[in-house]
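Presented below is the structure to which this report refers.
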Protein chains: 2
Amino acid sequence: MARAGLTPERLVRAAADLADEVGFDNLTVSALARRFGVKDASLYSHLRNAQDLRERVAVLALAELADRAASALAGRAGKDALVAFANAYRDYAKEHPGRYAAMQVDLTPEIAATSRAGRHSEMTRAILRGYRLPEPDETDAVRLLHSTFHGFTALEAAGGFRHHPRDTDASWAKTLDALHTLLDNWPS
Amino acid sequence: MARAGLTPERLVRAAADLADEVGFDNLTVSALARRFGVKDASLYSHLRNAQDLRERVAVLALAELADRAASALAGRAGKDALVAFANAYRDYAKEHPGRYAAMQVDLTPEIAATSRAGRHSEMTRAILRGYRLPEPDETDAVRLLHSTFHGFTALEAAGGFRHHPRDTDASWAKTLDALHTLLDNWPS
DNA sequence: GTGTTAGCCTAGATCCCCTAGGTTGGGAGG
DNA sequence: CCTCCCAACCTAGGGGATCTAGGCTAACAC
């Protein structure tokens with residue numbers, strides 16, 4: 001009887017792929033075990049419980065997205081940087097819906113501290129530096145940008161835009177235009 | 001043996017309350033039956049299945065929010081209308097987190113058509129009329145506003161803002177200011 | 001009073017999560 | 001090469017959720 005060679009890392013990567021295929025809500029320990037040809041009880045030597053699995057997928061996704069966003073941002077500034085960052089965000093959400101959904105939930109304090117609040121906000125602040133907003137306005141702008149990026153991708157993923165003929169990509173481009181204009185004319 | 005007097009309407013209202021208390025993810029047919037002192041199998045004469053229950057809660061929430069938003073909008077225009085609508089949206093989400101979460105999921109085509117895409121977008125367009133945007137810019141602005149409102153409330157509910165000392169209400173007010181400015185200086 | 005129907009029941013199949021405890025493969029050390 | 005040991009994987013089983021099939025009865029219609 002050959003062993004499956006499970007490790008937490010392999011499990012989490014497979015879980016993330018599974019979530020992208022069947023949806024984050026349908027990510028179960030049983031299904032993951034099935035994918036490895038193993039009994040579900042066997043996974044509990046590598047994972048504390050199902051919630052632990054979900055959190056690890058969330059951490060993986062946050063790290064992947066941060067890497068992508070950092071690459072997209074490299075060597076860019078101003079509107080270029082804004083658009084590159086926003087597109088990296090939205091593209092990742094479209095390519096990896098399960099991973100993206102994982103990022104939204106959970107967020108136990110420690111995890112949120114290590115992952116989300118970290119690089120994500122820093123990169124947004126790096127973009128905003130070009131627009132020279134004083135505090136606390138920069139913080140407000142960070143929140144506005146995050147809200148808009150997340151809201152747009154979430155509504156798009158939920159199918160909220162497909163009832164109107166207007167092309168979604170065009171609306172997205174116009175939204176980024178508008179945000180750039182807004183940051184340039186930020187109300188004092 | 002007295003009957004519990006169940007009806008789909010009573011069940012859905014109770015389910016919405018239950019979702020607000022324990023979270024939409026923890027809304028189960030079993031828990032709902034328990035609340036009525038009844039066996040879970042008994043609910044399946046009133047509901048097709050668990051998904052049906054969730055969808056009905058979503059429809060209820062969409063209708064309630066539309067009513068509130070319509071009241072808030074009555075007799076207002078311009079920035080007043082924008083702020084009133086946005087606050088109605090965010091306040092509802094904070095008061096009824098379970099109902100709000102229900103609104104996001106599901107969205108089978110028919111349901112989305114009857115509820116969400118309906119009054120919600122119409123009200124947003126009513127607000128935007130004061131800013132006199134040509135098509136397709138008005139559609140893009142509708143999507144931008146929806147995205148920002150939803151994104152902000154979702155991130156706030158998930159605790160995404162509590163890692164920074166800046167007051168969330170202040171950021172929200174500033175965000176609405178900024179959106180008003182943006183709509184007044186919409187890039188052509 | 002008799003029928004009909006709707007409201008609620010029990011029983012049971014299936015799936016998921018998770019624990020406790022047993023077995024075995026494969027590498028480390030003699 | 002042999003032994004020991006640990007990590008990897010197993011079986012068994014409890015608890016909870018979803019949902020179906022089929023039975024009983026309260027309440028209303030006639």
Side-chain angles (χ1 to χ4, degrees), chain A residues 1-60 98-99 101-102 104-108 111, chain B residues 1-60 98-99 101-102 104-108 111:
Chain A
M1 204 54 155
R3 304 235 167 152
L6 303 183
T7 66
E9 290 68 29
R10 286 192 66 198
L11 284 174
V12 170
R13 285 190 57 83
D17 292 342
L18 183 57
D20 283 338
E21 292 167 26
V22 304
F24 186 67
D25 291 341
N26 298 322
L27 170 60
T28 72
V29 175
S30 307
L32 185 58
R34 225 173 286 131
R35 173 155 298 201
F36 281 98
V38 147
K39 300 293 175 186
D40 57 324
S42 305
L43 301 194
Y44 289 90
S45 5
H46 307 284
L47 308 166
R48 280 207 314 281
N49 50 40
Q51 180 61 18
D52 180 43
L53 176 64
R54 294 187 203 105
E55 287 174 1
R56 284 169 188 256
V57 172
V59 170
L60 172 71
R99 284 167 161 89
Q104 310 313 322
V105 274
D106 332 303
L107 297 183
T108 17
I111 295 177
Chain B
M1 204 54 153
R3 305 231 168 154
L6 303 182
T7 67
E9 289 69 30
R10 285 191 64 196
L11 285 175
V12 171
R13 287 189 55 85
D17 292 343
L18 182 58
D20 284 338
E21 291 167 26
V22 302
F24 186 67
D25 290 342
N26 298 321
L27 171 61
T28 74
V29 176
S30 308
L32 184 59
R34 226 171 284 133
R35 173 155 298 201
F36 280 97
V38 146
K39 299 295 174 184
D40 56 319
S42 304
L43 301 194
Y44 288 89
S45 7
H46 306 285
L47 309 165
R48 279 207 315 282
N49 51 39
Q51 181 61 18
D52 180 43
L53 176 63
R54 296 189 200 103
E55 287 173 2
R56 285 170 188 256
V57 172
V59 170
L60 172 70
R99 283 167 161 89
Q104 310 313 322
V105 274
D106 331 305
L107 296 183
T108 18
I111 295 178

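Protein chains get the first letters and strands the later ones, always in sequence-line order, with residue 1 at the start of each.
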Taking only Lys NZ, Arg NE, NH1 and NH2, and the carboxylate oxygens of Asp or Glu, determine whether A:D52 and A:R56 approach each other closer than 4.0 Å. yes
Step by step, would you call B:E21 with B:R35 a side-chain contact (heavy atoms from CB on, under 4.5 Å)? CA-CA 12 Å; B:E21 291 167 26; B:R35 173 155 298 201; 2.9 Å; yes
Quick check on B:R13: does its CZ atom have over 12 non-hydrogen neighbours (other residues, nucleotides or ligands) under 6.0 Å away? no
Please state how far atom [atom1] in [X] lies from atom [atom2] in [N], giving the value in whole angstrom units.
X     : N      : atom1 : atom2 : value
A:L27 : C:dC15 : CG    : P     : 18 Å
B:L32 : D:dC19 : CG    : P     : 13 Å
B:Q51 : D:dC19 : CD    : P     : 9 Å
A:D52 : C:dC17 : CG    : P     : 13 Å
A:N26 : C:dC17 : CG    : P     : 11 Å
B:L47 : D:dT20 : CG    : C1'   : 15 Å
B:K39 : C:dA11 : NZ    : C1'   : 12 Å
B:L43 : C:dT10 : CG    : P     : 13 Å

Within a strict 4.5 Å, meaning less than it, do heavy atoms of the A:R10 and A:F36 side chains meet? yes
Would you indicate whether the side-chain heavy atoms of B:R48 and B:L53 approach each other to under 4.5 Å? no
When you get a sec, tell me which of [options] is the closest nucleotide to the side chain of [X]?
X     : options               : answer
A:Y44 : C:dC8, D:dC9, C:dT19  : C:dT19
B:S45 : C:dC8, C:dC17, D:dT18 : C:dC8
B:S42 : D:dC19, C:dC9, D:dC9  : C:dC9

B:L6 side, atom CG; B:H46 side, atom NE2 - distance, nearest 0.5 Å: 4.5 Å
What is the distance from atom CG of B:D25 to atom CG of A:D25, rounded to the nearest 0.5 Å? 7.0 Å
Expected rows: protein N/O vs nucleotides 13-17 of chain D N/O, under 3.5 Å:
residue: D:dA17; atom: OP1; partner: B:R34; partner atom: NH2; Å: 3.4
residue: D:dA17; atom: OP2; partner: B:R34; partner atom: NH2; Å: 2.8

Within less than 4.0 Å of OP1 or OP2 of D:dA7, is there a side-chain N or O belonging to A:H46? no
